[in-house]
Amino acid sequence: MKFNSYASGSTGNLYELTDSHTSIIIECGVSYKELQRLLPKAPSDYDACVFSHHHGDHFNLMTASQLRKRGLLVENGTYFSPARNVGTIQIKSFGVQHDITNHGYIFRGHDGETCVFLIDCFYSPVTFSFSPTIIAIEANYARDLMREGDSINDRLFASHMSIDQCIETLKAWDLSKTREIHLLHLSDDRSDEARFVREVQQATGIPTTAAPSYRRAGR
Ligand SMILES: [Zn+2]
C-alpha cells in the first residue's frame, strides 16, 4: 500500500492511496484542472474519491461532479460507516473533532496493510486494535509560532491539530508495525516543517515526511 501527497494545507488538499489493484483519491480540495495537473494518472483511472468534510480546501463541488461524471464514487465518511469495500481496499470511517462534521479513515488493503488518515481535527480520542502500516496525520501549528492576540488562534485551537497534540496522539497508538508517518496540513506561517518532522521522528522512531504545501500552477 502506498500513500502519496500532492497538495496539502488550507488552500487545497489532494492525496492518493493505492495498492496493486485499487487507487483512491483522498480529498478533492483543488479545481479539476489542478487535480489533473497534480495526479500522476488520469482521474478516470481511479476507483473512488473519499473526502473528510465539506470545507472548500478538502471538497470542491465542481471537482467532485467532474469525478462522478467519469464514473468515480465520491463520498464522505458517512458512507463508509460501517466499512465498505472499494476494489481490493476496505474503507472505514470514524468521527473526529473539528468545527463541522468530519471523518478520519482506516484503509485496509488485501495484503493486510493499513493506513490511518486524520486531518482537520484538534483532538482524537480514537485508538486502534491494530498497528497502522502508514499514518497520515495533521500537524498544523506550534503554539510558540503563533502570534499573541491573533484572531485566528481560537479557531485553530478548536479545529486543527498542534504538533504537540499530534505527537501525543501518535504515542497513544501502537506503532510497532508502522512503516511511515506523513504530516499533513502544515500552516504556512505557524509551522516549521524541518522541526515538525524531526520532533515526530524523535518521539516515534518512525521515518516521517511532511506533505507538500499546495502551490497553484503559475504562482
Ligand atoms: Zn476544515
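Numbering of ligands and ligand atoms starts at 1, following listing order. Just so it is clear, the structure is predicted and the values come from calculations on it, not from any experiment.
- Summarising the geometry, atom OG belonging to Ser52 is positioned 9.5 Å from atom CD belonging to Glu138; distances are rounded to the nearest 0.5 Å.
- Phe94 pairs by the ring pair (Phe, Tyr, Trp, His ring centres under 6.0 Å) definition with Phe128, not counting sequence neighbours.
- Between Phe3 and Phe117, the two ring planes are tilted [angle within 30° to 60°].
- Proximity of Cys28 to Phe59: side-chain heavy atoms (C-beta onward) are separated by under 4.5 Å at one or more points.
- Within the protein, the N, O or S atoms sitting under 2.8 Å from the Zn ion (ligand 1) are His53 NE2, His55 ND1, His98 NE2, Asp120 OD2.
- In summary, Asp19 and Lys2 do not engage in a salt bridge, as defined by a charged side-chain N under 4.0 Å from a carboxylate O.
- Classified by interplanar angle (parallel below 30°, tilted 30° to 60°, perpendicular above 60°), the ring pair His185/His160 is tilted.
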